[in-house]
Amino acid sequence: MSIVTVQLGQCGNQIGFEVFDALFRDSYYLEGLCSKKENEAYQASCKERFFSEEKNGVPVARAVLIDMEPKVINQVLSKAAHSGRWKYGQQACLCQKQGSGNNWAYGYSVHGPRHEESIMNLIQKEVEKCDSLSGFFIIMSMAGGTGSGLGAFITQNLQDQYSNSLKMNQIIWPYGTGEVIVQNYNSILTLSHLYRSSEALLVHENDALHKICAKLMKIKQISFSDINQVLAHQLGSVFQPTYSAEGMCNYRRNPLGDLMESLVPHPEFKMLGVRNIPQMSENLLAYSTFTWAGLLKHLRQMLISNAKMEEGIDWQVRPPFSGRPPLGKKALGSEPHFNTSLANLLILRGKEVQSAELEGFKDPALYTSWLKPDNAFTVWKTQRAFSKYEKSAALVSNSQFLVKPLDMIVGKAWNMFASKAYVHQYTKFGIEEEDFLDSFTLLEQVVSSYCNL
């Protein structure tokens with residue numbers, strides 16, 4: 001089954017390019033990874049999900065590119081074409097001459113209705129190229145105007161027009177010290193609208209990605225391209241094909257459906273985060289060896305202590321003994337705090353994958369009391385390695401990982417709203433004070449629900 005990716009705004013289009021490039025490079029990386037037959041099956045499955053083919057044989061990304069300014073779309077179209085490996089469809093883009101000025105209301109209330117028909121027609125054409133549609137993967141930021149406002153509008157339209165197809169939004173959480181003065185307004189409006197129209201929100205935090213670039217990748221001058229490549233690597237480690245059963249004979253057919261089934265057991269809990277291990281520069285990778293026991297021990301502690309990378313894990317944080325009540329409201333208190341999970345999906349790729357010991361992730365103490373570990377924990381495997389890593393693991397988690405960042409953004413937005421700062425910039429484009437209050441109410445309920453896991 002195929003996924004149609006919708007790239008929105010400058011951020012969404014730059015990330016989308018890196019994701020497709022990472023997927024393609026991985027699927028065609030052959031050096032000693034597995035048998036030729038298995039590699040061909042892996043390539044075919046990846047291609048079915050993310051690429052269609054033109055007559056000249058060059059794979060075309062199953063993507064629609066949308067931005068209200070042409071610069072970034074022109075750049076990524078050119079980069080993809082010049083790679084010689086894959087490309088975007090020339091007719092799968094919509095760009096204009098005027099952006100949204102970092103105003104969510106302008107993206108949602110002006111650009112959305114104005115370009116709704118054109119955008120939905122582009123998406124429909126892409127859907128019609130799919131033999132079978134798994135759903136939509138929508139890449140966008142929260143802090144600006146186009147990605148966030150127009151992204152929320154388009155997601156709502158997809159919910160209306162494709163109500164039986166799944167929607168997962170990849171959203172970029174802004175830097176804590178961002179440059180957009182109204183980023184907290186834009187963020188709460190984005191999150192509250194997506195919570196009503198999307199099945200899952202896959203969140204990446206800019207601050208965490210930046211640290212990975214600095215600490216693990218050893219990059220001195222970190223660019224957005226570096227950050228996006230780290231993110232693309234993590235997404236690839238989740239979305240590339242894995243087997244559907246322990247027998248390891250058929251690749252999964254419904255990537256979004258399988259993810260949702262494993263990770264979103266209740267519509268009140270939609271926030272997903274990704275951790276993966278190892279992640280390092282290719283220079284260091286050549287001199288490194290890994291065991292499944294070591295990788296999974298570190299990954300489990302990353303989950304427990306809510307660490308985003310293996311460096312600097314807090315080993316003092318421990319889960320409570322099985323049967324002890326969860327920490328609940330202490331989630332907003334001082335660190336260290338044990339990160340309670342609702343559901344976890346572990347994805348293992350590489351050599352001797354069948355020998356990996358998984359009992360540590362089945363501990364009932366890791367999970368909320370109302371879901372048994374048998375229902376809360378899922379594992380997918382393939383002996384086909386990912387990228388150039390002989391062994392690698394990714395963990396997609398529905399847990400309390402975002403409680404503090406979300407509570408912080410809601411608090412900052414509320415403080416601005418209480419003094420009516422910049423509210424007129426939104427009301428003049430049709431977003432009323434009631435809309436802000438509805439957003440605060442919904443997100444405070446999300447924080448409360450996750451606190452009480």
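Because only heavy atoms are used, hydrogens play no part in the values below, and waters and symmetry mates are left out as well, while side chains stay in.
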Would you give the length of the straight line joining atom [atom1] of [X] to atom [atom2] of [Y], rounded to the nearest 0.5 angstrom?
| X | Y | atom1 | atom2 | value |
| --- | --- | --- | --- | --- |
| Lys215 | Cys213 | NZ | SG | 12.5 Å |
| Asn103 | Tyr185 | CG | OH | 11.5 Å |
| Thr190 | Tyr108 | OG1 | OH | 11.0 Å |
| Ser192 | Arg196 | OG | CZ | 5.0 Å |
| Leu150 | Glu116 | CG | CD | 10.5 Å |
| Met1 | Leu166 | CE | CG | 8.5 Å |

Can you find a side-chain donor-acceptor pair between [X] and [Y] that sits under 3.5 Å?
| X | Y | answer |
| --- | --- | --- |
| Asp226 | Ser223 | yes |
| Tyr88 | Gln7 | yes |
| Asn186 | Ser148 | no |
| Ser448 | Glu444 | no |
| Ser387 | Asp26 | no |
| Gln14 | Glu18 | no |
| Asp207 | Trp173 | no |
| Gln161 | Gln124 | no |
| Gln279 | His233 | no |

Side-chain contact test, heavy atoms from C-beta onward, threshold under 4.5 Å: evaluate it for [X] versus [Y] and give yes or no.
| X | Y | value |
| --- | --- | --- |
| Leu272 | Leu259 | no |
| Leu296 | Glu357 | no |
| Leu453 | Tyr367 | no |
| Gln183 | Lys412 | no |
| Tyr28 | Gln43 | yes |
| Val317 | Asn339 | no |
| Asn344 | Phe361 | no |
| Val19 | Phe50 | no |

Is there a donor-acceptor contact under 3.5 Å from the side chain of [X] to the main chain of [Y]?
| X | Y | value |
| --- | --- | --- |
| Gln240 | Leu23 | yes |
| Arg253 | Ser134 | no |
| Trp315 | Gln301 | no |
| Arg349 | Phe386 | no |
| Ser237 | Gln234 | yes |
| Trp292 | Lys351 | yes |
| Ser439 | Asp435 | yes |
| Arg49 | Ser2 | no |
| Thr291 | Gly294 | yes |

Count the heavy atoms of every other residue, nucleotide or ligand shown that sit under 6.0 Å from [atom1] of [X], and state whether that count exceeds 12.
| X | atom1 | answer |
| --- | --- | --- |
| Tyr175 | OH | yes |
| Glu434 | CD | no |
| Glu261 | CD | no |

Just to verify, what does Lys362 make a salt bridge (charged side-chain N to carboxylate O under 4.0 Å, His left out) with, not counting sequence neighbours?
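Counting only residues at least two positions away or on another chain, Lys362 forms a salt bridge (charged side-chain N to carboxylate O under 4.0 Å, His left out) with Glu359.
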Parallel, tilted or perpendicular: which fits the ring planes of Tyr426 and Phe436, with parallel below 30° and perpendicular above 60°?
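Aromatic pair Tyr426/Phe436 classed perpendicular.
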Identified side-chain contact (heavy atoms from CB on, under 4.5 Å) counterpart of [X] within the set [options]:
| X | options | value |
| --- | --- | --- |
| Met168 | Ile3, Leu202, Val264, Leu201 | Leu202 |
| Leu194 | Leu189, Ile138, Thr155 | Thr155 |
| Val446 | Asp407, Leu406, Val410 | Leu406 |

If you apply the rule side-chain hydrogen bond (donor to acceptor under 3.5 Å, both in side chains), what do you find for Thr441 with Gln445, and how did you get there?
CA-CA 6 Å; Thr441 302; Gln445 180 57 50; over 6 Å; no
Phe24 ring centre to Arg85 NZ or CZ under 6.0 Å, with the angle to the axis within 45°?
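Pair Arg85/Phe24 does not count as cation-pi.
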Shortest non-hydrogen separation from [X] to [Y] and the atoms involved:
| X | Y | value |
| --- | --- | --- |
| Asp314 | Gln316 | OD1-N, 2.9 Å |
| Pro278 | Asn276 | O-ND2, 4.2 Å |
| Glu268 | Tyr195 | O-OH, 2.8 Å |
| Ala143 | Val180 | O-CG1, 3.8 Å |
| Ser198 | Lys270 | O-NZ, 2.7 Å |
| Gly151 | Leu8 | CA-CD1, 3.6 Å |

Quick check on side-chain hydrogen bond (donor to acceptor under 3.5 Å, both in side chains): which of Lys404, Arg275, Gln400 does Asn306 satisfy it with?
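Exactly one candidate clears the test, Arg275.
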For the residue pair [X] and [Y], is the inter-centroid distance of their aromatic rings smaller than 6.0 Å?
| X | Y | answer |
| --- | --- | --- |
| Tyr450 | Phe401 | no |
| Phe17 | Trp86 | yes |
| Tyr389 | Phe290 | no |

Pairs touching residues 144-168 that satisfy salt bridge (charged side-chain N to carboxylate O under 4.0 Å, His left out), sequence neighbours left out:
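Sorted result for residues 144-168: Lys167-Glu199.
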Please determine if Lys129 and Glu126 form a salt bridge, counting it only when a charged side-chain N lies under 4.0 Å from a carboxylate O.
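Here Lys129 pairs with Glu126 in a salt bridge, since their nearest N and O are under 4.0 Å apart.
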State whether Glu311 and Lys211 are salt-bridged, where the test is any N-O pair (Lys NZ or Arg NE/NH1/NH2 against Asp/Glu carboxylate O) under 4.0 Å.
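A salt bridge is absent here (no side-chain N lies under 4.0 Å from a carboxylate O).
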Please lay out, stage by stage, how Leu442 and Asp438 fare under the test side-chain contact (heavy atoms from CB on, under 4.5 Å).
CA-CA 6 Å; Leu442 187 151; Asp438 286 347; over 6 Å; no
Passes side-chain contact (heavy atoms from CB on, under 4.5 Å), Met142 versus Trp104? Steps please.
CA-CA 9 Å; Met142 295 201 312; Trp104 189 93; over 6 Å; no
